[in-house]
2 protein chains.
Amino acid sequence: MEGKANIQDVAKRANVSIATVSRVINNQGGVRKQTEERILKAIKDLGYIRNAAARTMKSKDTKTIGVIVPDINNPFFPSVMAGIEQKAREKGYFAILSSTNESPVVEQEILKNFIERGVDGVIITTANENGDHLKQVHEQGIPIIAVDRSIQYYDVDTVLVDNVKGSYQAVQHMILQGHEKIAIICGPQNTTPGRERFIGYKKALEDYNLKLDERYIFQGDFGERSGYQGAHQLYSLEERPTAIFSSNNLMTIGCVKAMGDLDWKLGEEISFFGFDDVDIATFLNPKLSVVSRPMHALGELAFQLLHERIQFKDPVPKREYKLSPELIIRESCRLRYPNNSPDGQSLKK
Amino acid sequence: MEGKANIQDVAKRANVSIATVSRVINNQGGVRKQTEERILKAIKDLGYIRNAAARTMKSKDTKTIGVIVPDINNPFFPSVMAGIEQKAREKGYFAILSSTNESPVVEQEILKNFIERGVDGVIITTANENGDHLKQVHEQGIPIIAVDRSIQYYDVDTVLVDNVKGSYQAVQHMILQGHEKIAIICGPQNTTPGRERFIGYKKALEDYNLKLDERYIFQGDFGERSGYQGAHQLYSLEERPTAIFSSNNLMTIGCVKAMGDLDWKLGEEISFFGFDDVDIATFLNPKLSVVSRPMHALGELAFQLLHERIQFKDPVPKREYKLSPELIIRESCRLRYPNNSPDGQSLKK
DNA sequence: TAAAAAAATCTAAACGTTTACATTTAGGAG
DNA sequence: CTCCTAAATGTAAACGTTTAGATTTTTTTA
């Protein structure tokens with residue numbers, strides 16, 4: 001009753017030795033039916049729950065993995081987490097989550113704590129792509145999986161989204177709708193996603209023989225404000241673009257706000273494609289077309305890779321996966337020439 | 001190097017006994033400066049990290065609290081979590097988070113796991129307000145704090161939002177703007193929030209001598225679709241309301257969508273107030289006025305209460321806190337009579 | 001300089017499991 | 001009925017800490 005029953009108490013009550021109780025708890029078999037039932041009853045009567053700390057001390061593994069995200073308020077991460085948790089539960093693992101608030105210091109603390117707790121593995125979207133702080137984890141032989149952001153210093157398995165492909169397809173879609181003056185609102189070029197999404201844009205233009213026009217490239221910082229500014233700047237051009245690709249969710253929001261303020265008719269005067277789905281997307285009129293990242297799948301895959309590493313400690317070389325994002329075509333991106341066919345001139349690949 | 005250094009190894013290397021090392025690790029003082037430095041160096045050299053499992057086994061407490069939320073994808077919870085984590089970190093505690101997906105079964109599993117791990121306390125927004133599944137936790141003497149949803153069976157400390165006050169103030173605001181035909185889109189009356197928000201609405205009307213009009217009460221289910229239907233139904237009335245109060249975020253979204261479809265001019269023909277801030281609120285034109293819940297504060301308070309319980313195990317009676325929500329006045333709620341003053345007749349309190 | 005007091009350090013016993021290995025028991029075979 | 005084998009159960013030694021209480025060292029006092 002007093003919440004302190006241990007294996008001894010159970011053993012005593014069932015009139016067996018602790019070894020037998022242990023065998024029942026972990027169903028290892030080799031216990032007579034009758035005895036097992038007696039023990040099970042004792043466990044129930046005493047409300048016995050096994051002490052994980054003691055267990056861990058002997059058997060080393062904890063059946064627990066640690067997950068570290070940089071910003072729990074960014075809806076992207078809870079979705080990934082959901083994927084991780086689902087797979088983890090299936091395999092009898094338990095996931096504990098912590099958020100760093102983009103602080104490398106906090107991240108380090110959390111990692112240390114995870115090691116102390118003896119997690120069997122770590123899934124992390126790091127706040128410090130450099131990665132030297134993962135040294136301790138690595139030295140303890142704890143497998144690591146990087147999600148969404150790669151880690152430079154150590155060779156860890158990595159699960160990314162194919163940013164290049166995503167932006168390529170979005171821009172391609174606009175091109176096939178007949179657009180030729182397609183602008184991009186870029187993310188910071190010193191981040192992987194920022195760079196890659198720009199590359200996809202360039203590649204699409206190139207493949208369809210459209211030339212890169214500096215005027216249509218706006219350098220943003222992934223923040224809402226810069227999206228707003230970007231739209232304003234593009235609007236102020238003599239020769240306005242007919243379509244805009246925005247490199248992330250926040251800039252998309254800023255951008256659409258600006259369009260509202262400028263009375264720049266979305267879907268009519270200006271087509272639009274955003275990277276990352278946003279709540280407001282289906283809310284606007286017209287609804288926004290976006291590139292959506294497979295967040296749940298990202299999480300599932302991350303756990304799967306981790307699980308393999310945990311089971312087979314052999315030094316398999318680093319693996320890197322890129323998941324394809326999905327194009328969600330809604331209404332914000334319309335045919336350049338609603339009534340005529342495009343001239344087709346530059347559309348040959 | 002081999003990631004397996006223990007306190008023994010450190011002791012050996014520093015030429016002291018493990019007791020002294022332990023004292024240094026936990027800085028309990030009583031160690032000569034010189035010795036301490038030697039030990040610290042040994043720890044560093046060996047990359048020693050203390051084994052939490054072993055530690056827990058002796059000293060009982062884990063400096064860890066478990067947090068359980070029903071739906072990690074609902075932005076409300078990550079915000080609360082952020083508040084919890086911040087306070088926890090300040091006090092040297094570590095928070096582990098798990099999501100139940102609104103499944104009582106999963107919740108039970110997680111709780112068991114938390115007990116096994118020996119968490120010092122639990123903060124929970126339960127998927128099962130009944131609460132009998134918390135029996136085990138209770139029996140182990142582990143303190144529990146309920147957040148946002150109360151728990152019937154056991155007397156646990158509870159941190160709620162003052163739903164009555166929030167909706168009261170919102171409705172009051174609309175009344176003071178001169179509205180008299182104020183509709184409500186209710187949440188389910190078998191949930192605490194649904195009931196309480198309706199009570200606030202009724203109370204406000206009563207206090208200002210406005211009579212309750214059945215036609216203006218729409219029974220929703222907290223889902224987006226019901227908000228949409230609600231707006232439609234209210235629009236179809238011969239005598240339409242001039243203002244609407246929506247009881248939660250999702251119904252707000254549905255509601256506003258409907259208004260768009262109906263071309264029911266928000267802020268002009270129809271004023272609006274929602275419970276819970278939503279992303280789209282500042283995005284619409286006019287911007288939505290809403291009741292905002294102090295999520296961060298909720299989390300902070302929850303941890304604070306838990307911490308007290310952990311420290312002083314005395315059986316203090318159950319405490320219940322209601323935090324005041326905040327009115328965010330934006331633009332969706334306008335004066336009923338922009339040019340004339342309201343007739344004032346029914347406005348005396 | 002010796003004894004007393006204070007400070008630093010050490011020894012050893014838990015904590016609650018798991019698990020190799022030892023022992024007992026049950027059930028047949030002879 | 002005895003012996004043998006296999007199955008069931010028990011014994012005891014870890015695992016890596018923390019922490020009383022014992023012991024040693026250092027400092028103070030006379």
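Letters go in sequence order (proteins before strands), and every chain restarts at 1.
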Taking OP1 and OP2 of dG10(D), is either one under 4.0 Å from a side-chain nitrogen or oxygen of T20(A)?
-> yes

Between A19(A) and R32(A), who's closer to the 5' end of DNA chain C by nearest nucleotide?
-> A19(A)

With a non-hydrogen cut-off below 4.0 angstrom, is Q28(B) in contact with a base, only sugar-phosphate, or nothing?
-> sugar-phosphate

Q34(B) CD to dA8(C) P, in whole Å, measures 12 Å

Distance in angstrom units between N15(A) CG and dT9(D) P, rounded = 12 Å

What pair of heavy atoms forms the shortest contact from V161(A) to P294(A), and how long is it?
-> CG2-CD, 4.2 Å

May I ask you to evaluate whether R23(B) reaches the phosphate of dT19(D), defined as a side-chain N or O under 4.0 Å from OP1 or OP2?
-> no

What does the list of N/O pairs under 3.5 Å between the protein and nucleotides 13-16 of chain C look like, with a distance for each?
residue	atom	partner	partner atom	Å
dA14(C)	N3	K58(B)	NZ	3.1

Give the rounded distance in Å between these two atoms: CG of D61(B) and C1' of dT19(D).
-> 14 Å

Distance from K91(B) atom NZ to L306(B) atom CG, nearest 0.5 Å?
-> 12.5 Å

Against the side chain of S22(A), the closest entry in dC10(C), dT18(C), dT18(D) is dT18(C)

Please give, in whole Å, the distance from dT18(C) P to K63(A) NZ?
-> 14 Å

Whole-Å distance between dT9(D) P and I39(A) CD1?
-> 7 Å

Given the rule in the side chain to side chain contact (heavy atoms under 4.5 Å, CB included) test, do I310(B) and I65(B) qualify, once you have shown the distances and angles that lead to the verdict?
-> CA-CA 10 Å; I310(B) 291 172; I65(B) 65 162; 4.2 Å; yes

Rounded to the nearest 0.5 Å, how far does CG of D162(B) lie from OH of Y321(B)?
-> 15.0 Å

Using a cut-off of 4.0 Å on non-hydrogen atoms, how would the nucleic acid contact of T35(A) be classed: base, sugar-phosphate, or nothing?
-> sugar-phosphate

Do NZ/NE/NH1/NH2 and the carboxylate oxygens of E308(A) and K87(A) come within less than 4.0 Å?
-> no

How long is the line joining NZ of K33(A) and C1' of dT9(D), in whole Å?
-> 18 Å

In whole angstroms, how far is the C1' atom of dT11(D) from the NZ atom of K12(A)?
-> 16 Å

Which residue lies more 5' along DNA chain D, comparing Q8(B) with R38(A) via nearest heavy atoms | R38(A)

At what distance, to the nearest 0.5 angstrom, does CD1 of I25(A) lie from CD1 of I7(A)?
-> 4.0 Å

What is the distance from atom CZ of R309(A) to atom CZ of R319(A), rounded to the nearest 0.5 Å?
-> 4.5 Å

